[in-house]
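See below for the structure under consideration.
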Amino acid sequence: MSYTTLQSNYRDMEVHAASPEKLVCIVFEQLVVNLERARIAIERKDIELRVVALRRARGLVTELLTTLDVEKGGALGVDLAGMYQVMLVELVDVGMRGDLKVMGQLIHIATNLRDGFVGAERQLAAQRLKTA
């Protein structure tokens, strides 16, 4: 069995066993990875990689948007939905224009959101351990 296959199997097991909070963190981690790939592709003028990375990034943002429970999230949920929608528009624009400045801003936003969700997920996990 190849390393890639083992890695894929491990990721599948991680996803299937993950809490909803952990799944959001996994999606954000993949989003940041694909935004960085797109940035590198833009710098290298690698159109194929840029297209693939941006398509994946748009899919991940769409996943975050469609699974967002705005009713439970209240004002924060509404703000996140708006931010995800703006990110989708900007990702399409970056795909057409290859703007590195906008790409950097998207990476910054996604990284900050990822870090915030990772912190919240860790706090929830710690609370669950205390009550268990």
Side-chain angles (χ1 to χ4, degrees):
M1 197 176 283
S2 73
Y3 175 76
T4 304
T5 303
L6 289 172
Q7 189 177 24
S8 177
N9 289 344
Y10 175 78
R11 177 57 80 173
D12 288 346
M13 287 189 302
E14 181 183 29
V15 167
H16 290 300
S19 67
E21 300 85 18
K22 182 68 174 175
L23 288 174
V24 171
C25 294
I26 291 169
V27 171
F28 268 110
E29 184 58 39
Q30 289 302 304
L31 175 59
V32 171
V33 165
N34 280 286
L35 291 174
E36 286 289 355
R37 284 182 182 148
R39 181 190 57 76
I40 291 166
I42 292 168
E43 290 174 347
R44 294 181 181 170
K45 301 188 186 333
D46 183 337
I47 295 170
E48 185 177 345
L49 177 60
R50 180 174 80 187
V51 168
V52 169
L54 288 173
R55 180 177 38 84
R56 288 179 181 161
R58 284 192 309 272
L60 292 162
V61 174
T62 300
E63 182 71 20
L64 290 166
L65 180 60
T66 58
T67 59
L68 182 63
D69 189 339
V70 177
E71 287 182 24
K72 274 188 181 177
L76 177 60
V78 170
D79 289 346
L80 283 170
M83 189 174 310
Y84 296 157
Q85 290 168 343
V86 168
M87 288 178 78
L88 285 171
V89 170
E90 292 296 334
L91 285 167
V92 170
D93 187 56
V94 165
M96 291 186 292
R97 294 186 310 124
D99 188 330
L100 280 170
K101 183 178 178 185
V102 173
M103 191 76 247
Q105 292 168 342
L106 289 170
I107 291 168
H108 180 74
I109 291 166
T111 300
N112 285 336
L113 287 170
R114 178 203 58 199
D115 294 348
F117 276 99
V118 166
E121 189 271 332
R122 286 181 181 153
Q123 286 180 341
L124 283 172
Q127 287 175 352
R128 286 186 185 125
L129 286 176
K130 286 181 183 178
T131 60

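All residue numbers refer to positions in the sequence shown, counting from 1. Just so you know, these numbers use all the heavy atoms, side chains as well, and skip hydrogens, waters and symmetry mates.
Annotation: the span from Glu90 atom CD to Ile109 atom CD1 amounts to 8.0 Å, rounded to 0.5 Å. Considering CG of Leu64 and CG of Leu31, their distance stands at 6.5 Å, rounded to 0.5 Å. The line from CD of Gln123 to CD of Glu21 is 12.0 Å long, rounded to the nearest 0.5 Å. Asp115 contributes atom CG, which lies 9.0 Å from atom CD of Glu29 (distance to the nearest 0.5 angstrom). Rounded to the nearest 0.5 angstrom, Leu106 CG and Asp99 CG are separated by 9.5 Å. Taking CD1 of Ile107 as the reference point, atom CG of Asn112 lies at 12.0 Å (rounded to 0.5 Å).
Among residues at least two apart or in separate chains, there is no salt bridge (Lys or Arg N to Asp or Glu O under 4.0 Å) pair with a member in residues 45-66. Applying the ring pair (Phe, Tyr, Trp, His ring centres under 6.0 Å) definition to pairs two or more places apart or across chains, none involves residues 32-64.
Side-chain contacts under 4.5 Å among hydrophobic residues (ILVMFWY), followed directly or transitively, place Val51 together with Ile47. Other residues sharing a hydrophobic cluster with Met96 under the 4.5 Å side-chain heavy-atom criterion for ILVMFWY residues are Val92.
Pairing each heavy atom of Ala38 with each of Ala53, the nearest pair is N-CB, 3.6 Å. Contact between Arg97 and Val102 at its shortest, heavy atoms only, is NH2-CG2, 4.3 Å. Smallest separation of non-hydrogen atoms from Ala57 and Leu35: CB-CD2, 3.9 Å.
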Step by step, work out the side chain to side chain contact (heavy atoms under 4.5 Å, CB included) result for Ile42 and Val94.
-> CA-CA 9 Å; Ile42 292 168; Val94 165; 3.7 Å; yes

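A continuous path of hydrophobic side-chain contacts links Met87 to Leu68 [ILVMFWY only; heavy atoms under 4.5 Å]. A single hydrophobic cluster is seen to contain both Leu65 and Val24, as judged by linkage of ILVMFWY side chains at heavy-atom distances under 4.5 Å, directly or through other members. Hydrophobic cluster membership is shared by Val27 and Leu91, with clusters built from Ile, Leu, Val, Met, Phe, Trp and Tyr side chains linked at under 4.5 angstrom. Ile40 and Leu54 are not part of a single hydrophobic cluster, where members link through side-chain heavy atoms under 4.5 Å apart. When hydrophobic clusters are built by joining Ile, Leu, Val, Met, Phe, Trp and Tyr residues whose side-chain heavy atoms come closer than 4.5 Å, directly or via intermediates, Leu88 is grouped together with Met103.
Between Glu36 and Val33, the closest side-chain pair of non-hydrogen atoms is not below 4.5 Å.
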Distance-only criterion, 3.5 Å: show the donor-acceptor pairs between side-chain atoms of residues 74-86 and protein atoms not counting sequence neighbours.
none

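Looking at residues two or more places apart in sequence or on another chain, you find a ring pair (Phe, Tyr, Trp, His ring centres under 6.0 Å) between Phe117 and Phe28.
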